[in-house]
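Working notes, beginning with the structure itself.
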Amino acid sequence: MSVLREFSSGPFQWFMSTVELSRLASGETELRHRVAILPRSGIGRLIARIETGAKCRRALDKVYSRIDRTLSEQQRVTSLTQADAFEKPHRLSRTRNDLLQSRLDELKRSGADADTAERLAELIATAPDQTVAKIRPIALAEQLAIDESVVLDTCLRAVKQGLFVMEWDILCPTCRVSADTQDSLKKLAAHTHCEACDYDFQSSLASAVELVLRAHPDLRDCETGKYCIGGPYHAPHVAAQLRLEPDERIEVELALAPGNYLLRGPSLTQTFGLRVQESGAPSQQLFVLQASTDSKRDYTLRAGKQLLSIENQFATQQIVRIERTIPRDDVLTAARASALPRFRELFPGEVLDSGRLVSADQVTLLTAAIASIDDLYAELGDAPAFALVEQHLADVERIVHQHRGEVVKVIGETSLASFDDARQAVRAAIALRKLHAADDSQNLFDLAVGVHRGPALVTTANNRLDYFGVTARQATALPTISGPGVTLTEAVFAETEIAQLLDDLGERGELETIQLPGKSNQLVQRFQPPAATLRTGVTT
């Protein structure tokens, strides 16, 4: 991993620091750190010689030895927070510790899970500053090995009781680093500028705005700035990054594991999709960077070692990245957070300004409806039918939550849920279909589930965030028009990850064409319900 810094003035023209990790035959890891400097003058050469000499070696050796010791000790000790290689465990003053205990007691009395509350208090009291400066609730749940819903509920209550401060990070889609932070959704701008990438992007509630927590300033003083934005910690998804001058061609050898990748850059109008598979594909590929009307082109490569040739035909320098497209399952997006009942209960004012519209560039919506509702009421009567509908709605909400989605709204017997990950939405749809087939009581009605994906508008309606626009209308109408079973629109089933998921699950659907609002001849893939659940007299 290399960081290059170029200077417009001063003793150096540029400075490069490179760290390389290599696994030895013994199983240990060898670390090599190289520093290269191009001086601008004689003074620069003198400073470079001093700074990269014995003084630099002693400083780096001290740092790396400390990291090595910390990691070795961490393997032997199980702790709530990972040991910090640069700081001793934090200790609160008596005054702040008393205040923390007081607020912890209030948190428990509010109905929060006692054990989770205790562990959050321990985190605030002992974790390093950089840890409590930005706490990501879903990632924390995984670290604590506690049910995600319990941690989310406890964290939201902890904000209300003054243990945390709630903030909104606007994530840059290119570098995945927070480009801006706001303390309220009402302050969210339609577009955000990332200084690191020099890139403007839409502040999408569905993918670019994340709820994060910071220890309350009454309890901890912690820095919120960023250090070394070029560090690999901020970009675990990046497999390689290259800089190409005009008309330059670079060959790079990689060892990409099977999966899906993107080759893209902040100044490119085109994105290249890469699917790496075990066999049946070439190991070499040429990519030409040029102005193109194609927004995306897809290629297939063989796993193992790949040789990529990249040619820059632009008249300007281009920076390109090869990124893994693994979805971030540990992000609590604004869209998902605002759909949580506890969030709406505790923070009713945390909504967009009335009349404000914010784009959600890509949101996956699942709609579950009882296709034969009139037959159900006619056959059972109002009270029994209503009880069955209530049970159905509860089942939908439970399964949606299990697959990291949130029910946005319920209209009659129809539920609309949003997902950050289309694969989880498809998994939820299939799980609903299987539950319906396995439950004898639900054979009294036909279940129709639709999954659709696309851009949508988010605004505040009835003091809560809601989705509007063509995508939302189409998703809502999908199960009614398509009928019983599970229906995926082309925007969903055409994704490579979805096709692979369906193959893994052994699901085989049929391609059909339906008419959706604003979209004629919409290609869909339908998965029929088991034959035993089809009701006579209902069109399927």
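Along the sequence shown, the residues carry numbers beginning at 1. Worth saying up front: this structure is predicted, and the values here are computed from it rather than measured.
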* **Non-hydrogen side-chain atoms of L511 and V524 separated by less than 4.5 Å** => no

* To do: Answer yes or no: is there a side-chain heavy-atom contact under 4.5 Å between D129 and H90?
  => yes

* To do: State whether the side chain of H436 and the backbone N or O of F445 hold a donor-acceptor pair below 3.5 Å, judged by distance alone.
  => yes

* Without swapping roles, check the side chain of E167 against the backbone of Q182 for a donor-acceptor pair under 3.5 Å. => no

* Asked: What is the distance from atom CG of L505 to atom CZ of R508, rounded to the nearest 0.5 Å?
  -> 10.0 Å

* Please name the residue in the list T487, L366, V451 that meets the side chain to side chain contact (heavy atoms under 4.5 Å, CB included) test with L478. => T487

* To do: Go through the steps for E406 and H401 under the test side chain to side chain donor-acceptor pair (under 3.5 Å), then give the verdict.
  => CA-CA 6 Å; E406 294 298 334; H401 284 172; 3.0 Å; yes

* To do: Taking the six-membered ring of F527 (Phe, Tyr or Trp), confirm whether the NZ or CZ of K434 is under 6.0 Å from its centre and within 45° of its axis.
  => no

* **Under-4.0 Å salt bridge between R109 and D105** => no

* Going by heavy atoms in the side chains, are L346 and R157 under 4.5 Å from each other? -> yes

* **Donor-acceptor contact below 3.5 Å, side chain T154 vs main chain A117** => no

* Asked: Can you find a pair of side-chain heavy atoms, one from K160 and one from F347, that are under 4.5 Å apart?
  -> yes

* Do side-chain atoms of R96 reach the backbone of D218 as a donor and acceptor pair under 3.5 angstrom? -> yes

* Asked: Does atom CZ of R473 have more than 12 heavy-atom neighbours from other groups under 6.0 Å away?
  -> no

* Just by distance, do the side chain of R526 and the backbone of P484 share a donor-acceptor pair under 3.5 Å? -> yes

* Steps toward side chain to side chain contact (heavy atoms under 4.5 Å, CB included) verdict (I124, L163) -> CA-CA 8 Å; I124 294 172; L163 279 77; 3.8 Å; yes

* Asked: Hey, are the side chains of S415 and E397 touching, using non-hydrogen atoms and a 4.5 Å cut-off?
  -> no

* Apply side chain to side chain donor-acceptor pair (under 3.5 Å) to T364 and R453, showing your working. => CA-CA 4 Å; T364 304; R453 180 172 174 81; 2.6 Å; yes

* Asked: Does the side chain of Q515 reach to within under 4.5 Å of the side chain of N521, using non-hydrogen atoms?
  -> yes

* Is K134 salt-bridged to D169, going by a charged N under 4.0 Å from an acidic O? -> yes

* So, the side chain of R297 versus the backbone of T271: is there a donor-acceptor pair under 3.5 Å, distance only? -> no

* For residues L140 and L120, determine if any side-chain heavy atom of one lies less than 4.5 Å from a side-chain heavy atom of the other. => yes

* Asked: Would E495 and R423 count as a salt bridge (Lys or Arg N to Asp or Glu O under 4.0 Å) if you check the C-alpha gap in whole Å, the side-chain angles of each, and the deciding distance to 0.1 Å?
  -> CA-CA 9 Å; E495 289 286 337; R423 293 177 301 176; over 6 Å; no

* Asked: Hey, is E345 close enough to R342 for a salt bridge, meaning N to O under 4.0 Å?
  -> yes

* Side-chain donor or acceptor of T333 paired with backbone N/O of V209 under 3.5 Å -> no

* Structure fact -> dist L219:CG -> L104:CG (nearest 0.5 Å) comes out at 10.5 Å

* Using atom types as modelled and distance alone, determine if a side-chain donor or acceptor of K409 lies under 3.5 Å from a backbone N or O of L416. => no

* Asked: If you measure from CD on E507 to CG on L488, what distance do you get to the nearest 0.5 Å?
  -> 9.5 Å

* To do: Please confirm whether the backbone N or O of Q528 pairs with a side-chain atom of R433, one donor and one acceptor, at under 3.5 Å?
  => yes

* Asked: How about I135 and R214: do any of their side-chain heavy atoms sit closer than 4.5 Å?
  -> no

* Look at the rings of F272 and Y299 and say which category their plane angle falls in: under 30° parallel, 30 to 60° tilted, over 60° perpendicular. => tilted

* Can any side-chain N or O of R321 pair as donor or acceptor with the backbone N or O of G265 at less than 3.5 Å? -> no

